[in-house]
Asks: 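Below is a structure I'd like to ask you about.
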Amino acid sequence: MNEFLENTMAYMNWKEIKAAGDKKLPVLFPLGVIEEHGPHLPLGSDILWSNYICKEVKQALKQKGTEALIAPSCYFGVNHCTGAFPGSFSLKPETFELVLFEIFGNLHDFGFTEVYCFNYHGDPQHIGSIFNAIKKANSELDMNVRFMMEEMDLQVYNLNGTEDFLSVFAPQYKMEWFEGGDISEQGLLDIHAGAYETGMLRYMYPELVNTDLAKTLDSYSLTYEKLNQWMEGGNRTVEVVPLGYAGNPKGYEEVSSIAREVIEVQVNAICEKIIV
């Protein structure tokens, strides 16, 4: 079975799609990129994560009495920050925006108007292109496309949460989940293929994570000054994270131990935004 296609529209026939479109069922749309994630994680980490969450959400919605579909993944996007590393496929922002808009147009033509975008790739240019495509689809196609964003991430992108292209969810995390950790990491930023991402991927796709290697990797968590350099992209990013990860991979075990609980809390919060 193909991870990117199983349990999505790709395994349905056209009459099933028409019937679902006639019902105006909500569509879950996994977004991400194919991008380097250090020497210990696969290039597909972001889109694998999106796929996993979409399938969890679909199942949870079904248990709550709401039917939904998953669109085939869009796993090409913008990799400005990590674009200098081999394996980071990157589209121009305007290209990516057009591709997304045309996909939204396809969904509209199939009868779907309610689309929820799930994205686990934080490159600002990538995010901006998604926002632009969503706003264009909502305006020109009279759709209701939303970008699923966790409340705690709003400030990262200078958003206030009232934007009509967002669906903001607020998981109720337990404080004790975040009370441990390496004290030497306090005040530093673990943003790419570090403890959190490695730990979550280790739970979701254990066969794809090289934990033996992760345990040997030194921390490359970022200061805010180094974050600014990371954001420049190209060789400037390579200078600050020569192995391609910005975080502390060896801290993955603690994250993996709470991953199931974290996912359940997130999925429940997401379902609350989709069920109306």
Side-chain angles (χ1 to χ4, degrees), residues 1-12 16-17 20 25-38 40-63 66-79 82 87-91 96 99-100 103-104 106-107 112 114-123 126-127 129-130 133-134 145-150 153 167 169 171 192-193 196-209 252 255-256 259-260 262-271 273-274:
M1 302 289 266
N2 187 301
E3 173 62 40
F4 290 113
L5 300 179
E6 183 183 3
N7 203 27
T8 74
M9 288 181 177
Y11 274 37
M12 299 169 66
E16 291 170 329
I17 295 296
L25 296 183
V27 175
L28 314 177
F29 189 15
L31 299 171
V33 292
I34 304 298
E35 170 198 34
E36 71 80 19
H37 275 75
H40 60 296
L41 293 180
L43 301 179
S45 293
D46 293 341
I47 191 61
L48 285 165
W49 195 332
S50 293
N51 267 277
Y52 188 96
I53 296 299
C54 282
K55 291 173 183 178
E56 290 279 312
V57 170
K58 180 181 178 180
Q59 181 178 357
L61 287 172
K62 184 176 181 180
Q63 293 173 348
T66 296
E67 191 177 356
L69 274 66
I70 302 176
S73 303
C74 181
Y75 50 85
F76 288 112
V78 182
N79 281 316
T82 62
S88 290
F89 291 82
S90 189
L91 302 179
F96 180 47
V99 168
L100 279 185
I103 293 173
F104 293 144
N106 292 156
L107 292 172
F112 303 103
E114 185 180 346
V115 181
Y116 296 89
C117 298
F118 292 75
N119 172 75
Y120 288 86
H121 175 57
D123 190 299
H126 176 83
I127 299 289
S129 295
I130 297 174
I134 290 175
V145 184
R146 294 290 182 269
F147 183 101
M148 299 301 305
M149 177 167 283
E150 190 166 347
D153 292 332
S167 184
F169 62 99
H192 181 68
Y196 186 68
E197 192 165 12
T198 302
M200 295 299 285
L201 265 294
R202 175 66 177 82
Y203 173 79
M204 292 184 280
Y205 303 97
E207 72 281 5
L208 298 180
V209 179
Y252 77 88
V255 176
S256 287
R260 182 68 253 166
V262 170
I263 290 170
E264 289 178 355
V265 167
Q266 291 175 346
V267 167
N268 286 333
I270 290 168
C271 287
K273 305 302 295 187
I274 296 176

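All figures in this text were calculated on a predicted structure; none of them were measured in a lab.
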Asks: What are the two closest heavy atoms between Gly199 and Ser256, and how far apart are they?
Replies: O-OG, 2.7 Å
Asks: Kindly write out the residues that satisfy ring pair (Phe, Tyr, Trp, His ring centres under 6.0 Å) with Phe76, not counting sequence neighbours, or none if the list is empty.
Replies: Phe89
Asks: Sub-3.5 Å donor-acceptor pair from the side chain of Ser88 to the main-chain atoms of Glu36, do we have one?
Replies: yes
Asks: Considering residues at least two apart in sequence or located in another chain, which fulfil the salt bridge (charged side-chain N to carboxylate O under 4.0 Å, His left out) criterion with Glu16?
Replies: none
Asks: For residues Met148 and Ile53, determine if any side-chain heavy atom of one lies less than 4.5 Å from a side-chain heavy atom of the other.
Replies: no
Asks: What are the two closest heavy atoms between Glu114 and Ile274, and how far apart are they?
Replies: OE2-O, 4.0 Å
Asks: Does the side chain of Val33 reach to within under 4.5 Å of the side chain of Phe96, using non-hydrogen atoms?
Replies: no
Asks: Could I get the full list of ring pair (Phe, Tyr, Trp, His ring centres under 6.0 Å) partners for Phe169, not counting sequence neighbours?
Replies: none
Asks: Identify the heavy atoms of Val78 and Leu91 that sit nearest to each other, and give their distance.
Replies: CG2-O, 3.6 Å
Asks: I'd like to check the side chain to side chain donor-acceptor pair (under 3.5 Å) partners of Glu264; sequence neighbours left out, ordered by chain and number.
Replies: Arg260
Asks: To check you understand the geometry: which heavy-atom pair defines the closest contact between Ala193 and Thr198, and what is its length?
Replies: O-OG1, 3.2 Å
Asks: Which pair of non-hydrogen atoms, one from Ala259 and one from Met200, has the smallest distance, and what is that distance?
Replies: CB-SD, 3.7 Å
Asks: Listed by chain and number, what are the ring pair (Phe, Tyr, Trp, His ring centres under 6.0 Å) partners of Phe147, not counting sequence neighbours?
Replies: Phe131
Asks: Side chains of residues 41-51: which donor-acceptor pairs under 3.5 Å do they make with residues two or more places apart or in other chains?
Replies:
from, atom 1, to, atom 2, distance (Å)
Ser45, OG, Pro42, O, 2.8
Asp46, OD1, His37, NE2, 3.0
Asp46, OD2, His121, ND1, 3.1
Ser50, OG, Leu31, O, 2.6
Ser50, OG, Asp46, O, 3.3
Ser50, OG, Phe118, O, 3.4
Asn51, OD1, Ser73, OG, 3.1
Asn51, ND2, Ile47, O, 3.0
Asn51, ND2, Ser73, OG, 2.7

Asks: Give a yes or no on whether the backbone of Ile70 and the side-chain of Lys55 come within a donor-acceptor separation of less than 3.5 Å.
Replies: no
Asks: May I ask you to test the Leu107-Val145 pair for a side-chain heavy-atom distance under 4.5 Å?
Replies: no
